2 protein chains.
Amino acid sequence: MKISSRFTVAVHILALLSIENEAHCTSEWIAGSVNTNPVVVRRVIGQLKKAELVQVRPGTGGAFLTKDIKEITLLDIYRAVDVVEEGELFQMHEHPNPQCPVGANIQAVLEVILRRAQAAMEHVLKEVRLYDVVHILAEKIESSRS
Amino acid sequence: MKISSRFTVAVHILALLSIENEAHCTSEWIAGSVNTNPVVVRRVIGQLKKAELVQVRPGTGGAFLTKDIKEITLLDIYRAVDVVEEGELFQMHEHPNPQCPVGANIQAVLEVILRRAQAAMEHVLKEVRLYDVVHILAEKIESSRS
DNA sequence: CTTGTTGTAACTGATTTGGTTACATCGCTG
DNA sequence: CAGCGATGTAACCAAATCAGTTACAACAAG
């Protein structure tokens, strides 16, 4: 089971908006970079708009960032695209037998541990800013140009 | 997107085998505690067998642990049930445009970061032994008995 | 030989995902 | 003011995955 590519696509889009900030970034153009369908891009951008990370010029089109890339963490993006419910990365089996001592208590025990595991993962995302991604990306682009 | 309940079910099963180690633990009996179908239990036990965490008495049936519960970590169980491929918790979108500088490089940049995030999560699982789960569980059972 | 259990295959319905078509809406521009 | 290009959204689809279920051959013990 994998976390939906919506998340990595969203990071791709935002990095693109940052690096190509002069361009007219239409959904079709972005879709060309991601290699997907423009509607998929618009759906993701819709979620990023709700999270107030981007705006779209009405009528003429084209998306752009609304925040400093130092102010956006990967966790913000991850939350924006709603790819994992808060505290529910791990699925529990519903209704274990309350008559069984193990069944009655296992969920509570696991919940604490698994939330901690999920939090550790999300903590890493929180520590990485879009700025860092763009920065590393720009370095790679620069060095591959030579 | 959630990680399959196979994992939490597997932990439930192993904790049960440890706590009720005198009982004749058939798949049907275990299914009664988990509240699922015996075949689901057998499937999970099949994976736990491959990982050499349990054995099943042939013919007469009944599963039992083959290791000390201090020697089994939640990560071992998580790997046994094969619920997330190694290093692939996050799905990337295939074939971003190599002509686009961002498309050509974004994957490599993200991979490093996302592997780190996944590793952080799995590290927490590695630090928790089945022993710890059983221990907390036994405490809860004891206190709820009063 | 009968009984109880396992291992496995096969099928199901539900859910999610990503892709696609279609279309109303809205600014810009000629 | 009419046409063009872009957006937002609904609707539908195929593929994948899950968990549940039925069915059955194999096996050990009594």
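Chain naming here is simple, since letters A, B, ... match the order of the sequence lines and numbering starts at 1 in each. Given the structure is predicted, the values throughout are model-derived calculations rather than measurements.
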Expected output is a numbered-order residue list: members of residues 15-34 of chain B with a heavy atom under 4.0 Å from any atom of DNA chain C. What is it?
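By residue number: B:T26, B:S27.
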Regarding A:R115 and A:E111, does a basic nitrogen lie under 4.0 Å from an acidic carboxylate oxygen?
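Yes, charged N to carboxylate O under 4.0 Å.
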Start with the C-alpha distance between A:R42 and A:S27, add both sets of side-chain angles, then the distance that settles side chain to side chain donor-acceptor pair (under 3.5 Å), and finish with yes or no.
CA-CA 6 Å; A:R42 279 181 236 154; A:S27 62; 3.1 Å; yes
Interatomic distance, [X] [atom1] vs [N] [atom2] [rounded to whole Å]:
X: B:H93; N: C:dT17; atom1: NE2; atom2: P; value: 14 Å
X: A:R43; N: C:dG19; atom1: CZ; atom2: C1'; value: 8 Å
X: B:I45; N: C:dT8; atom1: CD1; atom2: P; value: 12 Å
X: B:N37; N: C:dT6; atom1: CG; atom2: P; value: 12 Å
X: B:F90; N: C:dT17; atom1: CZ; atom2: P; value: 14 Å
X: A:E88; N: C:dT16; atom1: CD; atom2: C1'; value: 16 Å
X: B:E94; N: C:dG18; atom1: CD; atom2: C1'; value: 9 Å
X: A:H12; N: C:dG18; atom1: NE2; atom2: P; value: 15 Å

Does [X] use its side chain to pair, donor to acceptor, with the backbone of [Y] at less than 3.5 Å?
X: A:N105; Y: A:P101; answer: yes
X: B:S18; Y: B:L14; answer: no
X: B:T8; Y: A:Q91; answer: yes

Just the atom pairs and distances: protein N or O near nucleotides 22-27 of chain C's N or O, under 3.5 Å.
none

If you look at every heavy atom in A:Q118 and A:E85, which pair is closest and at what distance?
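The answer is NE2-O, 3.5 Å.
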Measure across A:K126 and A:T73 and return the closest heavy-atom pair with its distance rounded to 0.1 Å.
O-CG2, 3.4 Å
Can you give me the first and the last nucleotide of DNA chain D (5' to 3') that has an atom within less than 4.0 angstrom of a non-hydrogen atom in chain A?
D:dG5 to D:dG20
First encountered from the 5' end of DNA chain D, between A:M1 and A:R57
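Nearer the 5' end of the strand: A:R57.
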